[in-house]
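Written out below as C-alpha cells is the structure these notes cover.
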There are 2 protein chains.
Amino acid sequence: MTVTLADVAARAQVSPATVSRVLNGNYPVAATTRERVLRAVDELDYVLNGPASALAAATSDLVGILVNDIADPFFGIMASAIQGEIGGPGGRAGGERLAVVCNTGGSPERELTYLTLLQRQRAAAVVLTGGAMENAPHAAAVAAKLRKLGEAGTRVVLCGRPPAPDTGAFALTFDNRGGGRELTEHLIGLGHRRLGYIAGPEERTTTRHRLEGHREALAAHGIVEDPRWTVHGRYDRRSGYEATLELLRRDPSLTAVVAANDSVAVGASAALRESGLRIPDDVSVAGFDDLPFSVDAVPSLTTVRLPLSEAGARAGRIAMGREEPPPGGIATVRGELMVRGSSGVPRK
Amino acid sequence: MTVTLADVAARAQVSPATVSRVLNGNYPVAATTRERVLRAVDELDYVLNGPASALAAATSDLVGILVNDIADPFFGIMASAIQGEIGGPGGRAGGERLAVVCNTGGSPERELTYLTLLQRQRAAAVVLTGGAMENAPHAAAVAAKLRKLGEAGTRVVLCGRPPAPDTGAFALTFDNRGGGRELTEHLIGLGHRRLGYIAGPEERTTTRHRLEGHREALAAHGIVEDPRWTVHGRYDRRSGYEATLELLRRDPSLTAVVAANDSVAVGASAALRESGLRIPDDVSVAGFDDLPFSVDAVPSLTTVRLPLSEAGARAGRIAMGREEPPPGGIATVRGELMVRGSSGVPRK
DNA sequence: AAGAATCCAGCAAGCGCTTTCTATATATGC
DNA sequence: GCATATATAGAAAGCGCTTGCTGGATTCTT
C-alpha cells in the first residue's frame with residue numbers, strides 16, 4: 001500500500017490533523033512538532049494524495065492552458081511564457097501548481113471537452129490561447145462553459161483571443177486587424193497594387209481579423225481587390241506552398257503575397273523560388289507573428305511581431321491573481337511591423 | 001452550490017450509486033433508468049467532480065508529458081503526437097484522459113517537482129521526452145521517482161531518451177550517436193577534414209551522444225580533432241549564431257560546421273552568411289532533427305531526420321497500454337540522413 | 001408451477017484528506 | 001495567586017464519489 005497521512009501521523013506520534021497542518025503551513029505548529037512530522041514524511045517517503053486533498057479542500061492546483069496546436073511555436077512560445085508565470089514547480093513553495101497544456105488541435109469538440117475536463121478537475125485557472133472558432137453554436141457553448149468555470153471560482157484568461165462578453169473572462173487580445181492593415185499598407189507604400197493574400201482556416205477570428213485589416217488597407221488606398229487574390233488554407237508551411245502555386249496560377253501578375261502567418265509565408269517563399277521568382281525583386285512576401293525562424297529566412301521575412309512571450313507572461317500572472325486585470329477586463333496587444341528583406345518595390 | 005451526484009440522483013429518482021454506474025457505464029443499468037439519469041444530468045448541467053472520483057476509484061485520468069522546452073518544435077511535435085494517442089478528448093468515450101504537457105525548461109528540480117506533482121495526482125501514465133540530464137545525483141533521484149511511479153501503477157514511457165535501468169520504464173531511444181556518426185561521415189565523404197562542432201548544453205545525454213557519434217566518425221577516418229573545433233551552447237538559434245562566430249575566430253580554415261540541432265544550424269548559417277561566407281561553397285552546414293523549417297532554409301539544410309511524430313505516437317500508445325511495449329522494454333529509433341543543399345565539397 | 005438463476009437498484013462503507021470545534025497547557029494581567 | 005488570554009494539538013465530521021454486498025422483482029428451468 002501507499003503511505004497515507006495517517007501513517008505519517010502514527011510515525012510522528014501526532015494526529016493526522018497536525019500532519020496536514022504542517023504540510024500546508026497554514027496553521028501554527030510548534031517547531032519541534034513540525035520537525036518530527038517532517039522527518040516522518042521524509043522517512044516514509046510520503047507523497048500527498050492530490051485528489052483527496054483537492055476533494056477535502058475543494059480546490060485544486062491545476063491550471064489549464066488550451067492551445068490550438070502545440071507543435072506550432074506560436075502556441076509553444078505563449079504556453080511557455082504562461083507556464084513560467086504559473087510558477088509550476090520553481091515558484092516559491094506552497095504555490096506549487098501544475099500547469100497543464102492541452103492541445104485542441106483546432107477542433108471545437110476537443111476544446112469543449114478539455115474545458116469540461118478542467119472543470120471536472122476544478123482547475124484553479126484556465127488560459128485559452130490563440131484565435132477562437134467562429135462557429136456560432138460552438139462559440140455559445142464555449143461562452144457558457146467559461147461562465148460556468150468562472151462561477152465555480154476558476155479564473156479564466158484569454159490570451160491572443162477576442163473577448164468573450166458576459167463570461168467574466170479577462171482578455172488580452174491581439175490587434176490582428178491593425179497589424180494586418182499596417183503590413184499591407186507598408187506593401188502599398190512600396191508601390192504594390194496587385195497583392196495576393198493567403199488566409200488561414202475559415203471561421204477563425206484570427207483569420208478574419210487579419211484579412212479584414214488587409215482589406216481595410218486596400219480599400220483605404222482605393223485598390224479594388226480581385227476575388228482571385230485570396231486563398232484560404234491552414235496555418236502551416238505546406239498550406240502556404242500550395243496556396244502560392246494556386247495564386248500564381250490564378251494571376252501571375254501579382255507582385256506581393258501576404259501570408260496569414262510566418263509559417264505560411266515561408267511555404268510561400270519556397271513556392272515562389274521554385275517557380276523561378278526572386279524575392280523581393282519579382283514578388284514581395286510578408287508574414288505575421290515574427291516567430292524566431294523568420295529572421296533567418298532568406299531573405300529575412302517582413303512581418304508583424306506579436307509579443308507572444310510578454311502577452312503570455314501577463315496572462316499567466318493575471319491567471320494567478322498576481323497582476324491586476326486590465327481595466328474593463330480587456331486589453332489590446334499591438335503588433336509591431338518588422339520591415340525586412342522579403343519586401344521591396346514591385347517589379348516593373 | 002455546484003450540482004452533485006446526489007442532486008442528479010434525486011432528480012432522476014434513483015440512488016447515487018445508479019447515477020455513478022450510468023456515468024461510468026461499467027455496470028448493467030436498465031435502458032429506461034439510464035435514460036432518466038442522463039436526462040437529469042443534462043437538465044442539471046452536472047459535471048463530475050474529478051478529485052472525488054479519483055479518490056474513490058483510486059485512479060486518475062491524468063497523463064503527464066514532460067518536455068524540456070515547449071517552445072521548441074522538437075518537443076512540440078512529440079508532445080502533439082503523444083497527446084494524439086492518449087485520446088485526450090476525441091478518443092472514444094470512456095477513455096477520456098487529460099493529457100497534460102509539463103515544461104521543465106531543462107531544469108532538474110522542475111523535472112523532479114513535476115514528477116512528484118504527477119505522482120501526487122496519481123497519474124495514469126507519464127511520458128518523458130528528450131534527453132536526460134547527466135548529473136549523477138539528479139539522475140538517481142529521477143530513477144527513484146520513476147520506480148515509485150511504476151510501483152504505484154503509473155505507466156512510465158521514455159521517448160527520445162536513454163533507458164532508465166531498473167525503473168520499469170519503457171524506452172524509445174533515439175539513436176543520436178549513430179545519427180551523428182552518419183552525418184559527419186557524409187561530410188568526411190565529401191572531403192571535409194576540418195569540421196567545427198557546435199554541441200548542446202553539457203551534461204545532457206543528447207548532447208553527449210551526438211558529439212560522440214561525430215567523434216567516432218572523425219576517429220574512424222583518422223582525423224585528429226583540434227579541441228578548438230568544439231563549442232558548447234544551448235539548443236537554440238542564437239546559440240548557434242554566437243558559437244559559429246567563436247568557431248570562425250578560433251579557426252577560420254574550417255570547411256564545415258556541424259550543429260547540435262537544426263535551430264542551432266540555422267543560427268550558424270546566419271553567422272556564416274554575415275561573415276561573408278557562402279553555404280556550402282565556403283562552408284558546409286549540417287543540423288539534426290529535420291524540423292519542419294529545415295527544408296525551407298536557404299540552402300535547405302542537410303540533417304538527420306528523427307521520426308518525432310511516429311516515435312511520439314508509439315510512446316503514447318504504449319503509455320495507454322494500447323501497444324505492446326518493445327521486447328526488453330527498450331527500442332532504438334534510428335534517424336535518417338537527409339542530404340540537402342547546405343553540404344557540399346569543401347573549398348580549395 | 002415451484003425453485004434456481006438472472007437483473008437491476010439501493011445501502012452503506014469507505015477513499016485520504018481538510019477544517020471546525022473543542023480541549024489542554026502555558027502565558028498574561030491585576 | 002486566580003481568572004483570562006494565547007498557543008498548540010486532537011476528535012470528528014465531512015468533501016463527492018465508487019463499489020461490494022444485499023435483496024426484491026423477473027425470467028428461466030425442468
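Lettering of chains follows the sequences in order, A, B, ..., and the numbering in each one begins at 1. The shown structure was predicted, so the numbers you read here are calculated from the model rather than taken from an experiment.
- Looking at the side chain of V14(A), the nearest of the listed nucleotides dG10(D), dC15(D), dG16(D) is dG10(D).
- Distances shown here put a side-chain N or O of S20(A) below 4.0 Å from the OP1 or OP2 atom of dT18(C).
- Heavy-atom nearest nucleotides on DNA chain C were determined for A31(B) and for P16(A), and the one closer to the 5' end corresponds to A31(B).
- Atom CD of Q13(B) has 12 or fewer neighbouring heavy atoms from other residues, nucleotides or ligands inside a 6.0 Å radius.
- One finds a side-chain N or O of N26(B) lying less than 4.0 angstrom from the OP1 or OP2 phosphate oxygen of dT19(D).
- The CG-P distance, from N24(A) to dT20(C), rounds to 12 Å in whole Å.
- For the pair D7(A) CG and dC15(C) P, the computed distance is 12 Å after rounding to whole Å.
- Looking at the side chain of V29(B), the nearest of the listed nucleotides dG16(D), dA9(C), dT18(D) is dA9(C).
- Summarising the local packing, CG of D166(A) is surrounded by 12 or fewer heavy atoms from other residues, nucleotides or ligands at distances under 6.0 Å.
- As a whole-Å value, the separation of L44(A) CG from dG16(C) P is 15 Å.
- Taking the screw axis at each terminus of the helix from dA1(C)-dT30(D) to dC30(C)-dG1(D) from five consecutive base pairs, the angle between the two is 30° to within rounding of 10 degrees.
- One atom, CG of L5(A), and another, P of dG10(D), lie 13 Å apart when rounded to the nearest Å.
- Comparing Y27(A) and S53(A), the nucleotide of DNA chain C nearest to each residue sits closer to the 5' end for S53(A).
- An OP1 or OP2 oxygen of dG10(D) is reached within less than 4.0 angstrom by a side-chain nitrogen or oxygen of T18(A).
- In terms of polar N and O atoms assigned as donor or acceptor, the side chain of R21(B) comes within less than 3.5 Å of the base of dG20(D) in a complementary pairing.
- Using modelled atom types, no side-chain atom of N103(B) and backbone atom of S80(A) make a donor-acceptor pair closer than 3.5 Å.
- Taking atom CG of residue L55(B) and atom P of nucleotide dT19(D), one finds them 12 Å apart after rounding to whole Å.
- With L146(B) as reference, L128(B) is the one residue of L128(B), T154(B), V126(B) to meet the side chain to side chain contact (heavy atoms under 4.5 Å, CB included) rule.
- In this structure, E43(A) places its CD atom where more than 12 heavy-atom neighbours from other residues, nucleotides or ligands lie under 6.0 Å away.
- For the side chain to side chain contact (heavy atoms under 4.5 Å, CB included) with C159(B), the lone residue among V67(B), V127(B), L66(B) that qualifies is V127(B).
- The CZ atom of R36(A) sits 14 Å away from the P atom of dT8(D) (whole-angstrom rounding).
- Atoms CZ (R34(A)) and C1' (dA9(D)) sit 13 Å apart, rounded to a whole Å.
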